[in-house]
Amino acid sequence: MTLTPDKTVAAPTALGSAHTRPAGPAGDLDADDLSEFGYDQQLHRSLGKFASFAAGFSFVSILTTVFQFFGLGFGFGGPAFFWTWPIVYAGQFLVALCFAEIAARYPISGAIYQWSRRMGGEVIGWFGGWFMMIAQVVTASAAAIALQVVLPSVWSGFQIIGDDPTLTSTSGASNAVLLGSILLVIVTAINCVGVSWMSRVNNIGVICELVGVTAVILALFTHARRGPDVVFDTGVPGTQPGYIWAFIVSGLMAAYVMVGFGSAGELAEETRDPRRVAPRTIRMALTVSAIGGGLMLIGALMAAPTLGEELAIGGLPYVLDSVLGSFWGKVLLCDVAVAIFICTLAIQTACSRLMFSMARDGRLPFSATLSRVNSRTGTPIAPSILIGVLCIGVLVVNVGNSAIFATLASVCIILIYLAYLAVTAPMLYRRLKGWPGTGGVDAGGRKLFGLGRFGIPVNILAVVYGALMVVNLAWPRAEVFDPAGDMPVLRWAGPIVIAVTVLVGIACFPRGKQHPNPVDPAAA
């Protein structure tokens, strides 16, 4: 971390705001803005509004995740599981509003870590970053392994190892690790080349995904077999006693999908005018994903040949195969493969910036290496390579036991929600003491995004929602974590993973290291 202790900083115009400077080149203003927090502009600042939006949208990647988890939601809640989607969106939008407000005041890479640290102090900040970093590594691995579900269905030549593409088979699991590893090597190389190339690839991929989502929605709605009132059907009467409980469990599908929208904040130091762009794109990435995903869900329920076990097992691919046929189904699968590619790229990029930000503050082992930025590419290469290696290591677990890998991929989402709570909970505490004040403006004198008088109620609801979701995600359910009944211990995977992550985090916490306190105009 580079400090500027001798730098004179003018007093902020209001609590939580930066002082106004004379007009100048946008890049210079952004760099000067960053220097007020004690950091030099090392990363290349070249991302615009669409690239910022694309970072969050591709992390959520509804074309990937709705394909993966539709059967999970329908299998537990029947067609009426659709209503868990707007409920989870409403809760996550409360979180997104809090993130948007804090992103406007702390436009720094490593968003979750930086936000939680500046709201709750060094310990909370470190664990917020730790939870998010572990979760992103596992999530990137889970996204990469999804190629096995798609590519062998497009062309049998992608089944390089053995002849059984099923993820639970030995050959399928081994081939999944091979395809996923190749993907991780490619995205790592893209991240090392530079953020401009990453942005170009990601933007093209997001456009392809948006086209694919639109095509799926049109195909489903033009082949509807029943009306939209299907979303009020809870399933076959008499087969689901205690429907409320089943409905709550089915909400895990939406909870798994709608995460990662804060990635725009992770790339703040590479975004032009981040104080204004990031708050907008955080909200937009979540909302566009929610609208597109919601239309895909209701369209699938309207177009499905049956609303029985076939739909629960086959999910969205089963519906699309019946609607589009073999050829167009494969074309769409190619688009899903593109979505998987950019999803993996976005997650790895966000994780590398988080690791860089923590290392820059001296909060990780080998911080000097992990915080080094290549002067030519303007990217932290060491974190990208390390994350790629770690992700491939996680992939290998699938060869030994695919059930354990699937469980890890599921429960890591709990860590993301805990990381979000590490921001919203201390943020509420700070808000009750007067944060962020009124009248915050950016370097050009423009008013920052803020919740105003709605800040406290929105923040309270965001914390309550986050806490309830952590409990729901971690609840020991055999039907979710151990459906085959072979490993009863897996039903306790949520609490076990949380406990292990906390204990390892305590062991890794950097004790005895003096953390330099950068100039923080937003806390003045």
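Keep in mind it's a predicted model, so treat the numbers as computed, not measured. Hydrogens, waters and symmetry mates are skipped; everything else that's a heavy atom, side chains included, is used.
- Residue pairs meeting the side-chain hydrogen bond (donor to acceptor under 3.5 Å, both in side chains) criterion with at least one partner in residues 56-73, sequence neighbours excluded, are S58-N202, S61-T64, S61-E209.
- Checked by atom type and distance alone, the side chain of D482 pairs as donor or acceptor with a backbone atom of D486 at under 3.5 Å.
- At most 12 non-hydrogen atoms from other residues, nucleotides or ligands lie less than 6.0 angstrom from OH of Y429.
- Of all non-hydrogen atoms in G262 and I282, the two that sit nearest each other are CA-CG1, 4.2 Å.
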Check residues 211-220 and write down every donor-acceptor pair under 3.5 Å in which the side-chain atom is one partner and the other belongs to a residue at least two apart or another chain.
from : atom 1 : to   : atom 2 : distance (Å)
T214 : OG1    : L210 : O      : 2.8

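- Of the possible donor and acceptor atoms, one in the side chain of E266 sits under 3.5 Å from a partner among the backbone N and O of G110.
- When all heavy atoms of R226 and V230 are compared, the pair lying nearest together is CD-CG2, 3.6 Å.
- At distances below 3.5 Å, not a single donor-acceptor pair connects side-chain atoms of W435 with backbone N or O atoms of M427.
- Once rounded to the nearest 0.5 Å, the distance linking CD1 of I145 with OG1 of T344 reads 11.0 Å.
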Let me see the working for I190 and F341 under side-chain contact (heavy atoms from CB on, under 4.5 Å), right down to the final yes or no.
-> CA-CA 12 Å; I190 293 173; F341 175 82; 3.6 Å; yes
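- Side-chain contact between L72 and F81 is absent, with no heavy atoms from C-beta onward closer than 4.5 Å.
- Note on residues 68-78: no pairs pass salt bridge (charged side-chain N to carboxylate O under 4.0 Å, His left out), not counting sequence neighbours.
- With values rounded to the nearest 0.5 angstrom, D163 atom CG is found 6.0 Å from S171 atom OG.
- Put simply, CE on M258 and CZ on F59 are 14.5 Å apart, with the number rounded to the nearest 0.5 Å.
- The closest side-chain heavy-atom distance from L184 to Q348 is not below 4.5 Å.
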Scan the side chains in residues 310-325 for donor-acceptor partners under 3.5 Å anywhere in the protein, sequence neighbours excluded, and list what turns up.
from : atom 1 : to   : atom 2 : distance (Å)
E310 : OE1    : T306 : OG1    : 3.3
Y318 : OH     : T306 : OG1    : 3.4
S322 : OG     : V319 : O      : 2.6

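- Here ring pair (Phe, Tyr, Trp, His ring centres under 6.0 Å) pairs that include residues 133-159, with residues two or more places apart or in two chains, are W155-F158.
- In this structure the side chain of P79 reaches within 4.5 angstrom of the side chain of F74, judged on heavy atoms.
- The side-chain heavy atoms of M487 and F481, taken from C-beta on, include no pair separated by under 4.5 Å.
- With hydrogens and angles ignored, the 3.5 Å screen pairs no side-chain donor or acceptor of R280 with any backbone N or O of F449.
- Here I347 contributes atom CD1 and S263 contributes atom OG; the two are 8.0 Å apart, rounded to the nearest 0.5 Å.
- At a cut-off of 3.5 Å, with distance as the only test, a side-chain donor of T349 or N191 sits close to an acceptor on the other residue.
- Taking 4.5 Å as the limit, every side-chain heavy atom of K330 sits out of range of all side-chain heavy atoms of S153.
- Checking each of W85, F69, F70 against Y256 for a ring pair (Phe, Tyr, Trp, His ring centres under 6.0 Å) leaves exactly one that passes, namely F69.
- Looking only at distances, no side-chain donor or acceptor of D164 sits under 3.5 Å from a matching main-chain atom of G172.
- Under the 4.5 Å side-chain criterion, counting only non-hydrogen atoms from C-beta, V470 is not in contact with L473.
- Residue pairs meeting the ring pair (Phe, Tyr, Trp, His ring centres under 6.0 Å) criterion with at least one member in residues 396-426, sequence neighbours excluded: F99-Y420, F261-Y420.
- Among residues at least two apart or in separate chains, salt bridge (charged side-chain N to carboxylate O under 4.0 Å, His left out) pairs with a member in residues 90-104 are E101-R431.
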Tell me, with the steps shown, if Q114 and Y106 meet side-chain contact (heavy atoms from CB on, under 4.5 Å).
-> CA-CA 8 Å; Q114 291 286 354; Y106 299 102; 5.6 Å; no
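- Identified under the side-chain hydrogen bond (donor to acceptor under 3.5 Å, both in side chains) test for residues 136-147, with sequence neighbours left out: none.
- Relative ring orientation between F53 and F50 is described as tilted, the plane-to-plane angle lying within the 30° to 60° band.
- No side-chain heavy atom of F57 sits under 4.5 Å from any side-chain heavy atom of M284.
- Taking the side chain as every heavy atom from C-beta outward, L267 and R353 approach each other to under 4.5 Å.
- Shown here are the salt bridge (Lys or Arg N to Asp or Glu O under 4.0 Å) partners of R491, two or more places apart in sequence or in another chain: there are none.
- Taking all atoms of both residues into account, the shortest heavy-atom contact from P495 to A474 is CD-O, 3.3 Å.
- Interatomic distance, CG of L354 versus CD1 of I112, reported as 8.5 Å (0.5 Å rounding).
- Among residues two or more places apart in sequence or in another chain, the side-chain hydrogen bond (donor to acceptor under 3.5 Å, both in side chains) test is passed with T281 by S52.
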Can you list, pair by pair, the side-chain donor-acceptor contacts under 3.5 Å of residues 285-305, counting residues two or more places apart and other chains?
from : atom 1 : to   : atom 2 : distance (Å)
T287 : OG1    : Y89  : OH     : 3.0
T287 : OG1    : R283 : O      : 2.9
S289 : OG     : A285 : O      : 2.7

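- Closest approach of I392 and S181 over heavy atoms only: CG2-OG, 3.6 Å.
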Residue pair V497, I414: steps toward the side-chain contact (heavy atoms from CB on, under 4.5 Å) verdict = CA-CA 9 Å; V497 167; I414 305 171; over 6 Å; no
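- The shortest non-hydrogen separation linking V88 to G251 is CG2-O, 4.1 Å.
- Within the model, atoms CD1 of I342 and CD1 of I204 stand 10.5 Å from one another, a figure rounded to the nearest 0.5 Å.
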List the steps and the verdict of ring pair (Phe, Tyr, Trp, His ring centres under 6.0 Å) for W83 and F232.
-> CA-CA 9 Å; W83 295 106; F232 295 102; 5.5 Å; yes
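- Among all heavy-atom pairs drawn from V463 and L428, the shortest one is CG2-CD2, 4.3 Å.
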F76 vs V480, side-chain contact (heavy atoms from CB on, under 4.5 Å): CA-CA, chis, key distance, verdict | CA-CA 10 Å; F76 284 112; V480 174; 3.8 Å; yes
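- Among residues two or more places apart in sequence or in another chain, the side-chain hydrogen bond (donor to acceptor under 3.5 Å, both in side chains) test is passed with S116 by none.
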